[in-house]
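These notes concern the structure reproduced below.
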Amino acid sequence: MSESSSDKISEIISEISRIYGADEWWEADSAEEVMIGAILTQQTRWENVRTAISRLKMHDLCSFPKIRSADPAFIEELIRPTGYYRQKARRLKLLAEFVLERHGGMENLSNMETHLLRRELLSVNGVGEETADSILAYGFMRDCIVIDRYTKRIFACAGITSDGDELRRAFEEALPGTSSAKRRIHGHLVEYAKDFCNKSRCEECVIRNLCE
DNA sequence: GACCAGGTCCTTG
DNA sequence: CAAGGACATGGT
C-alpha cells in the first residue's frame, strides 16, 4: 500500500460525508438489539432485519434471556425473512448463551476493555470480524471502525486495497478519531456504496475522480 | 429467472 | 492457507 493511502482515504471520506447527513446510522434501542440485528443482517438487506426484529419484539423475544429459553423453531419462524434462518436462529441461541452464561449478562460485557471484548465476541460461532466490529461500534459505542464488504469495495475501486487488515490500519491513521465519527463514516460508506456502486450509477461516482 | 443482499463457517486441494 | 460451497428469503 502506498504511503499516501491514508491521505486518499481522508479525501474520500470527506467527499462522502459531504453528501450524506450526520445521522446515527444503526437503528436499535439497545446494545442487545444491536447484537441481535448484527447476526440477522448477515448477507441480507436491512429492511428484512427490521421486519424480523419487529416480529421478535411482538412476541417479547428481542432479548437474550427470552431468546435463550425460547423454542428454536419459533425463533426460526420469526426471523425467516432474513434468510439463513435456521443458521441465524442457532447463532442467536449461541450468542444468548455467551452473554448470559459465559459473561453473566450485558452489564459485565459493557465493562470489558475493547480489545478483550473483541476477542471474546470473535470466539462465538457466527460472529466474524464485521459482526464483532458492528457490535463494538454501534452496540457498545467503542472506538472502532467497521470494515465491511461495501467499505472494501469502495476502497478497492479507488485503487487502495481490499485487504481488511490493511484497510483497518490505514483508517486508524486517516481518521480524526472520535468513535461517533467512525460510526457515522461507516454508515456513510455503506449508504454511498448502495447508491453508487452499481451498474446504473457507477459512472456518477465522485470517488472515480480520486482514483488512479 | 438470474442476481444480489450491512457474512461466516466448514470442507478441500 | 486460499478457494469454493453452504446457508435461504426477498426484492429488482
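Considering only side-chain atoms of A/Arg45, the nucleotide from B/dC9, B/dT8, B/dC4 that sits closest is B/dC4.
For NE2 of A/His59, the number of neighbouring non-hydrogen atoms (other residues, nucleotides, ligands) closer than 6.0 Å is greater than 12.
With a cutoff of under 4.0 Å to any heavy atom of chain A, the contacted region of DNA chain C is bounded 5' to 3' by C/dC7 to C/dG10.
Nearest-nucleotide positions on DNA chain B place A/Glu47 closer to the 5' end than the other of A/Gly126 and A/Glu47.
Heavy atoms of A/Gly83 sit under 4.0 angstrom from at least one base atom. Across all strands, A/Glu130 comes closer than 4.0 Å only to sugar-phosphate atoms, never to a base (heavy-atom distances). Using a 4.0 Å heavy-atom cutoff across all strands shown, A/Lys194 reaches at least one base atom of the nucleic acid. Within the 4.0 angstrom heavy-atom criterion, only backbone atoms of the sugar-phosphate kind lie near A/Val127; the bases stay farther away. Nucleic acid contact class of A/Val34 (heavy atoms, under 4.0 Å, all strands): none. A/Arg149 comes within contact range of at least one nucleobase, with a heavy-atom separation under 4.0 Å. Counting non-hydrogen atoms under 4.0 angstrom, A/Thr82 reaches nothing in the nucleic acid.
Distance A/Leu121 CG to B/dG7 P: 17 Å, rounded to the nearest Å. If you measure from atom CE of A/Met35 to atom P of B/dT8, you get 13 Å, rounded to the nearest angstrom. Remark: P of B/dT8 and CD of A/Gln42 are 5 Å apart, rounded to the nearest angstrom. Rounding to whole angstrom units, CZ of residue A/Arg90 and C1' of B/dC9 are separated by 9 Å. Nucleotide B/dC3 holds its C1' atom 13 Å from the CG atom of A/Asn198, rounded to whole Å. To the nearest angstrom, P of B/dT8 lies 8 Å from CZ of A/Arg91. Note: CG (A/Leu94) to P (B/dT8) measures 15 Å, nearest angstrom. Rounding to whole angstrom units, CG of residue A/Leu95 and P of B/dC9 are separated by 12 Å.
Within the 4.0 Å cut-off from OP1 or OP2 of B/dG7, not a single side-chain nitrogen or oxygen of A/Thr44 is found.
Under the 3.5 Å distance criterion, the side-chain polar atoms of A/Lys152 are left unmatched by any main-chain donor or acceptor of A/Asp163. In this structure a side-chain-to-backbone donor-acceptor pair under 3.5 Å is present from A/Lys88 to A/Leu40.
C/dG5 and B/dC4 have their P atoms separated by 15 Å, with the value rounded to a whole Å. Atom P of C/dG10 sits at a distance of 22 Å from the matching atom of B/dT8, rounded to the whole Å.
For the side-chain hydrogen bond (donor to acceptor under 3.5 Å, both in side chains) criterion with A/Tyr85, the lone passing option out of A/Arg80, A/Glu77, A/Glu76 is A/Arg80.
Remark: the A/Thr51 side chain and the A/Asn48 side chain contain no N/O donor-acceptor pair separated by less than 3.5 Å.
Taking every heavy atom of both residues into account, A/Glu172 and A/Lys182 meet most closely at OE1-NZ, 3.3 Å.
Note that CZ of A/Arg184 and CD1 of A/Ile13 are 11.5 Å apart. Values are rounded to the nearest 0.5 Å.
In a base pair of the Watson-Crick type (N1 to N3 plus N6-O4 or O6-N4) or a G-U wobble (N1-O2 and O6-N3), with each distance short of 3.5 Å, C/dC1 is matched with B/dG13.
Shown here are the ring pair (Phe, Tyr, Trp, His ring centres under 6.0 Å) partners of A/Phe155, two or more places apart in sequence or in another chain: A/Phe171.
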